[in-house]
Amino acid sequence: MKIICIGRNYTDHIAELENEKPENPVVFLKPDTAILLKGQPFFIPEFSQDVHHEVEVLVRINRIGKHIQPKFASKYYDEISLGIDFTARDLQAQLKAKGLPWEKAKGFDGAAVVGKWIAKGELPSVDKLNFTLNKNNETVQESSTALMLWKIDELIAYISQFFTLKIGDIIFTGTPAGVGPVAINDVLVGKLEGRELFNIKVK
Ligand code: ZN
């Protein structure tokens with residue numbers, strides 16, 4: 001399986017990183033080894049002094065598809081979750097400054113938290129999902145998929161122009177504002193529509 005991530009999909013997060021608003025979705029990949037194993041803590045990698053949390057809504061692909069039209073995209077997933085796209089912001093900044101790929105800053109072991117999956121039918125419209133990230137019992141990120149620049153079905157259509165989507169592939173749909181550093185002993189709790197989907201300890 002592969003992990004496909006979208007960058008710069010919420011206007012407020014583009015502003016906080018002083019990035020330009022993209023013409024098309026920003027797409028990058030994480031290897032499958034980036035997935036944080038269930039029940040494991042997240043270990044801050046020694047190559048970074050500034051790892052940030054990015055809470056994101058996740059979609060799991062349930063059938064193979066290429067060149068998917070937006071109007072059919074909803075047939076390609078039936079589960080939604082919430083996760084974290086951990087980012088070594090210091091390393092990413094160095095790589096961006098040199099015009100180099102981001103993978104080392106985004107694809108390291110444990111950099112993809114995948115929460116519990118919820119059937120789409122148990123949730124309101126995927127374009128109106130409220131979600132939060134709490135760090136040590138304080139809300140640090142709070143948003144709604146209604147604020148995405150590109151909605152989930154548009155993302156699937158766009159991504160599938162480049163990559164064949166296969167069963168089990170996971171899409172990270174971008175983070176809203178409020179990203180920030182994590183420290184040892186932090187506890188990160190993600191909730192989608194009030195349901196706790198992950199609870200991670202940082203070590
Ligand atoms: Zn992200």
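Counting starts at 1 for both ligands and their atoms, following the listed order.
- Side chain to side chain, His53 and Gln141 meet the donor-acceptor criterion of an N or O pair below 3.5 Å.
- The list of salt bridge (charged side-chain N to carboxylate O under 4.0 Å, His left out) pairs with a residue in residues 91-100, not counting sequence neighbours, is empty.
- Remark: of the listed residues Asp109, Asp85, Asp169, Asp85 is the sole one forming a salt bridge (charged side-chain N to carboxylate O under 4.0 Å, His left out) with Lys30.
- Using modelled atom types, one finds no donor on one side chain facing an acceptor on the other under 3.5 Å when comparing Ser74 with Asp153.
- The salt bridge (charged side-chain N to carboxylate O under 4.0 Å, His left out) search around Glu122 returns Arg195, not counting sequence neighbours.
- Legend: residues meeting side chain to side chain donor-acceptor pair (under 3.5 Å) with Asp90, ordered by chain and number and at least two apart, are Ser48.
- Note on the Zn ion (ligand 1): protein N/O/S atoms under 2.8 Å are Glu54 OE1, Glu56 OE2, Asp85 OD2.
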